[in-house]
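Here is the structure we will look at, set down as structure tokens.
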Number of protein chains: 2
Amino acid sequence: LSFFVTILGSSGAVPAYGRYPSAQLINLHNEYMLVDCGEGTQMQLARYDLPLMRINHIFISHLHGDHYLGLPGLLHTMHLHHREHELHLYSPQGLGDILTVQFFYSRTALNFPVIMHTLQTEERTIILDHKHFTVETIPLRHKIPCCGFLFREKDKPRRINTEKIPPGLPYHKLVALKNGEDILDEAGQIWLKNEDYTLPPRKSCMYAYCSDTAYHEALVEQLKGVDVLYHEATFTQEDEGKANETMHSTAMQAAEIARKAGARLLLIGHFSARYRKLQVLLEEAQKIFANTRIAEEGSTHSVAEL
Amino acid sequence: LSFFVTILGSSGAVPAYGRYPSAQLINLHNEYMLVDCGEGTQMQLARYDLPLMRINHIFISHLHGDHYLGLPGLLHTMHLHHREHELHLYSPQGLGDILTVQFFYSRTALNFPVIMHTLQTEERTIILDHKHFTVETIPLRHKIPCCGFLFREKDKPRRINTEKIPPGLPYHKLVALKNGEDILDEAGQIWLKNEDYTLPPRKSCMYAYCSDTAYHEALVEQLKGVDVLYHEATFTQEDEGKANETMHSTAMQAAEIARKAGARLLLIGHFSARYRKLQVLLEEAQKIFANTRIAEEGSTHSVAEL
């Protein structure tokens, strides 16, 4: 069951050195979802040959331009590609107004329904309850209403232990075992006890996206048990004053959050244009949290351990 | 005196194969001006190392997203780079509303003045009267109000004929000659007759930008005497039906306009995503108008003959 994150943009507000503004594509159980949609996201999807038309949910963390300005163009491209099925947009208050005035002047009537979900960014809320996973908001601290997103797999079924199953067991009995049931014989007695013929389910995993935010200790509790954490790291610790002023984090602070929350992997991004090379940010984070990676454009990261 | 056009985007509504939506940078007498500003324009300016901060005039032909969606990000980058001097925006009715709602939700107060000029797209109008050139609208035929732009150098001064000038002539007399005056002797009689000591001025040149438009015969009269013409060529003649339906032009039609207007060079662009290779469009246009070029991303074209 797929659970991958592909980075489309790693830049902060001013795109520089070929880096693009924030956007990530999540493939979770073959459901494609976009998290943030900075300017150029549709070009980045095309560059990495990703399935733009299969995206059904788009989550916008906040209404600073570097997190959503690619959205109108993306929607219009879906329209021109004859999309007909509905698209869900999740955003703090305002995105509807922004899109409406643009489509008014371009006289665009999209040929697919857009379902707008207005996010309340102050407290943790389940905003998508899918058969196999949930998506929840993560309250963040920024200059305007802003939240991150937590993608959490639901409990998975037990796995058939193929080495133990009697040969020729009918398919519906296999399904019953997978669903956790015991198999009875004709007399109604337990014939195959579930735990003897199945293995425990695979671990359910979590991915958290946290951008943009000042260092926010309360995040640690929110992120307990996360497997992969993306946390913004706009500045180095040397520029902490600038981070405080603009309500962003340093690489060291991102690593602190990852360490305290017990993440397995930390991805850092949203880099300021003042850093041409990113090695300094990576090294700073790795001193605190060794398993840190740069959220580099085009890179894909597995949320499950492979 | 510089007069160059640099192509930042050659794509139609759906960006494809690495092509970007419409945008061009004009360098006219060292004044930098942007014509259209599709998504990703600020990244394209950075890619080609062009002076984003020196742009003082931005002309938007119409409010379809592929012609202006790069503008909010570009303005915000100018803001973050501490621009303070005023910026002039020219657009059909609506751009102000679109920007206002975005800046409202992002709580952005630009630290430089933006002067909005609302274009009336139905008739030819001078919208910028610079010391050395004018910019005029060119009414186009499209689905929403839309105009092209004509950049026209004003008459240039005569040139000093250095081979004939008496040695030691004072500077103020050189300036007077350049301004077309005769030089008098102390008795008030003509000493140096202007036409004997100067050469005719260099030719004043014209560049016309025409996107988006259906084939529009009336353009020929509007474009008489143009040196370089950019004309959209979204489709091949084989797809003429599609061109008619969407109010775009074919490569052959673009070439017809260039031929009838007597242009020196035709640039074609705004290519549909249906064409991976552009050779077919180029060849179609060149059958009618030999001196046609693809408006390729990153290419620069001189409007004056070099």
Side-chain angles (χ1 to χ4, degrees), chain A residues 9 11-21 38-47 52 60 62-81 91-108 142-145 246 272-274, chain B residues 9 11-21 38-47 52 60 62-81 91-108 142-145 246 272-274:
Chain A
S11 175
V14 173
Y17 320 120
R19 304 197 290 257
Y20 276 68
E39 182 177 354
T41 295
Q42 61 169 330
M43 286 82 131
Q44 292 290 83
L45 287 166
R47 170 184 293 181
L52 177 147
I60 302 296
H62 65 300
L63 293 178
H64 280 154
D66 55 321
H67 293 260
Y68 80 86
L69 284 174
L71 189 58
L74 182 76
L75 298 184
H76 197 247
T77 290
M78 287 175 164
H79 169 77
L80 292 176
H81 281 321
S91 156
Q93 175 69 35
L95 187 59
D97 292 350
I98 290 168
L99 295 176
T100 299
V101 67
Q102 296 190 14
F103 290 145
F104 171 79
Y105 284 111
S106 62
R107 296 188 199 159
T108 301
H142 199 44
K143 293 201 160 186
I144 61 172
T246 57
S272 164
R274 65 182 57 194
Chain B
S11 176
V14 173
Y17 321 119
R19 304 198 289 257
Y20 276 68
E39 182 177 354
T41 294
Q42 61 170 327
M43 287 83 131
Q44 293 290 84
L45 288 166
R47 169 183 293 179
L52 177 148
I60 303 295
H62 65 301
L63 293 177
H64 280 154
D66 56 320
H67 293 260
Y68 80 86
L69 284 173
L71 189 58
L74 182 77
L75 298 184
H76 197 248
T77 290
M78 287 174 163
H79 169 76
L80 292 176
H81 280 321
S91 157
Q93 175 69 33
L95 187 60
D97 292 350
I98 290 168
L99 295 176
T100 299
V101 68
Q102 297 191 15
F103 290 145
F104 172 78
Y105 284 110
S106 62
R107 295 187 200 159
T108 301
H142 199 44
K143 291 198 161 189
I144 60 173
T246 57
S272 165
R274 64 183 59 195

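Just so we're on the same page: letters track the sequence lines, and every chain starts at 1.
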task = For residues B:Tyr105 and A:Ile144, report the shortest heavy-atom separation together with the two atoms involved.
result = O-CD1, 3.8 Å
inquiry  = I need the minimum non-hydrogen distance between A:Gln102 and B:Gln102, along with the two atoms involved.
reply    = NE2-NE2, 2.8 Å
Heavy-atom distances under 4.5 Å only: say whether [X] touches chain A with side chain, backbone, both or neither.
X	result
B:Leu63	both
B:Tyr68	side chain
B:His62	neither
B:Thr41	backbone

query = Looking at A:Gly38, A:Gly40, A:Ser106, which one has more heavy-atom pairs under 4.5 Å with chain B than the rest?
reply = A:Ser106
Distance (rounded to the nearest 0.5 Å) between [X] [atom1] and [Y] [atom2]:
X	Y	atom1	atom2	result
A:Thr100	B:Ile98	OG1	CD1	11.5 Å
A:His76	B:Asp66	NE2	CG	7.5 Å
A:Leu80	B:Thr246	CG	OG1	10.0 Å

ask   = Is there side-chain contact between B:Glu39 and A:Leu69, with heavy atoms separated by less than 4.5 Å?
value = no
message = Could you check whether any side-chain heavy atom of B:Pro21 comes within less than 4.5 Å of a side-chain heavy atom of A:Met43, counting everything from C-beta outward?
response = yes
inquiry  = Below 4.5 Å, heavy-atom pairs only: which of B:Ala46, B:Pro15, B:Ala13, B:Gly65 has the largest tally toward chain A?
reply    = B:Pro15
ask   = Do the side chain of B:Arg47 and the main chain of A:Gly18 share a donor and acceptor less than 3.5 angstrom apart?
value = no
